[in-house]
Amino acid sequence: MPLSKSSAHTRTAPLLVDLALQGGGAHGAFAWGALDRLLEEPWLAFDGISGTSAGAMNAAVLIDGHAQGGPEGARAALESFWRRVARAALVSPFRRGPLDVLLGRWTLDSSPLFIALDLAARLVSPYDMNPTGANPLRDILAESIDFSRLTRAPIKLFVTATNVRTGHGRIFRNADVTPDVLLASACLPFLFQAIEIDGEAYWDGGYAGNPTMTPLVRECTSRDTILVQINPVERAGIPRTAREIANRVNEVSFNATLLKELRMIALLRQVADPGDCEGALWAQMRVHRIASSAMNELGYSSKLNAEWDFLCYLRDEGRRSADDFLRSHRKDLGHRSSLDIDAVVEMDG
């Protein structure tokens with residue numbers, strides 16, 4: 001049962017928090033559910049949102065919907081966006097195999113077309129497989145977001161994409177965000193052509209920050225950041241099949257920059273000089289996390305599964321995880337970190 005809105009908090013003004021939203025294809029529906037639950041709490045207000053890939057799309061849709069209709073407008077906008085994604089998937093060739101449907105598994109690992117694409121992506125460039133650069137998400141984003149309203153929205157938006165030439169991340173803010181920027185943030189280089197923006201080519205932002213925490217520290221008033229984490233940090237056992245190895249490499253690479261930033265926060269808490277304004281800001285950051293062990297059961301291929309039933313499963317898991325977080329840590333918000341980021345430093349020795 002959700003927390004009582006009347007008893008959730010006694011403060012007279014909403015508590016400002018930032019959100020950090022990871023990307024992960026269709027797994028972004030988990031973040032949709034978490035956001036849907038957080039938006040029900042009137043004692044929470046969002047200062048800034050940093051997102052990458054699907055996280056960036058969730059962020060942009062939420063901010064635009066919120067600017068139009070407040071929290072309920074944001075919730076409606078998110079549902080509408082994911083419904084459009086599911087409708088587009090009805091004509092997608094990437095469907096679960098009969099055995100996976102029978103056993104209730106969400107993976108595409110036994111889908112012949114997915115297997116063929118996976119093999120082709122290792123040998124054939126997307127410039128050959130998709131010479132026109134077509135991407136169904138372009139129309140979905142144009143239908144889902146008023147980008148002129150996004151420019152004027154009070155919630156700050158930070159979208160990360162990776163510059164192909166330099167390998168550095170670029171952060172796009174409200175006024176800079178276009179459908180191309182969001183597509184760039186989600187551009188997997190083995191599947192899609194690089195997106196050109198201002199004469200530079202960009203790939204998925206997960207290579208440079210998934211998501212990037214820096215602008216939340218430097219440009220936002222809030223000192224609390226809620227990370228909605230999709231990609232598991234740890235997995236038991238050693239991956240042995242080619243599929244398991246590829247899946248784990250994907251998770252490690254897309255968590256690497258985030259862990260580096262969390263490690264920096266933990267270290268600065270120990271050594272920051274009070275006279276160092278930049279260091280003090282990082283050291284004062286309170287970090288919280290919404291995650292679910294259920295995401296550990298999902299492999300890479302299911303990130304391409306946009307069936308409505310699967311998206312609803314992820315949404316419900318996100319709502320449940322956010323509700324568990326609020327039950328356990330609502331009193332920590334505004335006071336202390338609920339994520340033990342010091343353990344991140346200890347983890348690597």
Side-chain angles (χ1 to χ4, degrees), residues 2-3 5 8-11 13-24 27-28 30-52 55 58-59 62 71 74 155-156 158 209-234 255 257-270 281-295 317-347:
L3 294 170
K5 293 182 179 180
H9 235 269
T10 58
R11 59 180 73 244
L15 173 69
L16 274 180
V17 300
D18 298 325
L19 298 172
L21 308 180
Q22 276 199 324
H27 292 187
F30 173 84
W32 162 33
L35 296 172
D36 189 69
R37 178 65 187 89
L38 294 176
L39 284 161
E40 292 179 342
E41 297 299 323
W43 58 277
L44 289 176
F46 304 136
D47 188 9
I49 308 178
S50 178
T52 297
N58 275 326
L62 183 156
I155 301 175
K156 303 177 188 71
F158 307 102
N210 192 22
T212 303
M213 310 283 275
T214 301
L216 301 178
V217 176
R218 293 178 174 173
E219 302 178 39
C220 294
T221 302
S222 169
R223 297 273 69 88
D224 287 84
T225 294
I226 301 174
L227 167 66
V228 182
Q229 191 160 15
I230 290 174
N231 298 299
V233 174
E234 296 185 15
N255 275 327
T257 308
L258 171 65
L259 291 175
K260 182 178 179 180
E261 288 190 297
L262 292 176
R263 189 176 298 113
M264 180 170 65
I265 294 171
L267 288 171
L268 284 171
R269 283 183 176 176
Q270 300 172 14
L281 283 175
W282 281 95
Q284 292 166 11
M285 189 177 187
R286 295 183 288 267
V287 184
H288 315 272
R289 179 171 64 184
I290 296 173
S292 170
S293 59
M295 303 305 287
E317 185 61 28
R319 279 190 57 87
R320 185 196 64 75
S321 299
D323 197 61
D324 288 347
F325 166 78
L326 290 169
R327 288 178 181 279
S328 300
H329 299 298
R330 65 185 180 89
K331 292 182 180 179
D332 294 323
L333 288 163
H335 299 286
R336 64 188 71 83
S337 287
S338 59
L339 175 63
D340 184 9
I341 56 176
D342 290 325
V344 175
V345 179
E346 297 168 3
M347 185 171 59

Can you name the side-chain hydrogen bond (donor to acceptor under 3.5 Å, both in side chains) partners of Arg289, sequence neighbours left out?
Gln229
Nearest 0.5 Å please: distance from the CG atom of Asp323 over to the CG atom of Leu38.
10.0 Å
Output all residues satisfying side-chain hydrogen bond (donor to acceptor under 3.5 Å, both in side chains) with Ser321, sequence neighbours left out; order by chain, then residue number.
none
Which value, rounded to the nearest 0.5 Å, describes the distance between Ile290 atom CD1 and Leu339 atom CG?
11.5 Å
List in chain and number order the residues that pass side chain to side chain contact (heavy atoms under 4.5 Å, CB included) with Arg320, two or more places apart in sequence or in another chain; answer none if no residue qualifies.
Ser292, Glu317, Asp324
Could you check whether any side-chain heavy atom of Glu41 comes within less than 4.5 Å of a side-chain heavy atom of Arg330, counting everything from C-beta outward?
no
Please list, chain by chain and in numerical order, all residues satisfying salt bridge (Lys or Arg N to Asp or Glu O under 4.0 Å) with Asp36, sequence neighbours excluded.
Arg75, Arg319
Approximate separation, where rounding is to 0.5 Å, of Arg336 CZ and Asp224 CG
10.5 Å
Would you please name every residue forming a side chain to side chain contact (heavy atoms under 4.5 Å, CB included) with His329, sequence neighbours left out?
Phe325, Asp332, Ser338
Side chain proximity check, Leu21 to Ile230, heavy atoms < 4.5 angstrom:
no
Considering residues at least two apart in sequence or located in another chain, which fulfil the side chain to side chain contact (heavy atoms under 4.5 Å, CB included) criterion with Ala74?
Leu39, Leu62, His66
Only one of Leu227, Thr225, Leu35 clears side-chain contact (heavy atoms from CB on, under 4.5 Å) with Leu19; which?
Leu35
Across all chains, not counting sequence neighbours, the salt bridge (Lys or Arg N to Asp or Glu O under 4.0 Å) partners of Asp18 are none
To the nearest 0.5 Å, how far apart are CZ in Phe158 and CD in Glu219?
4.5 Å
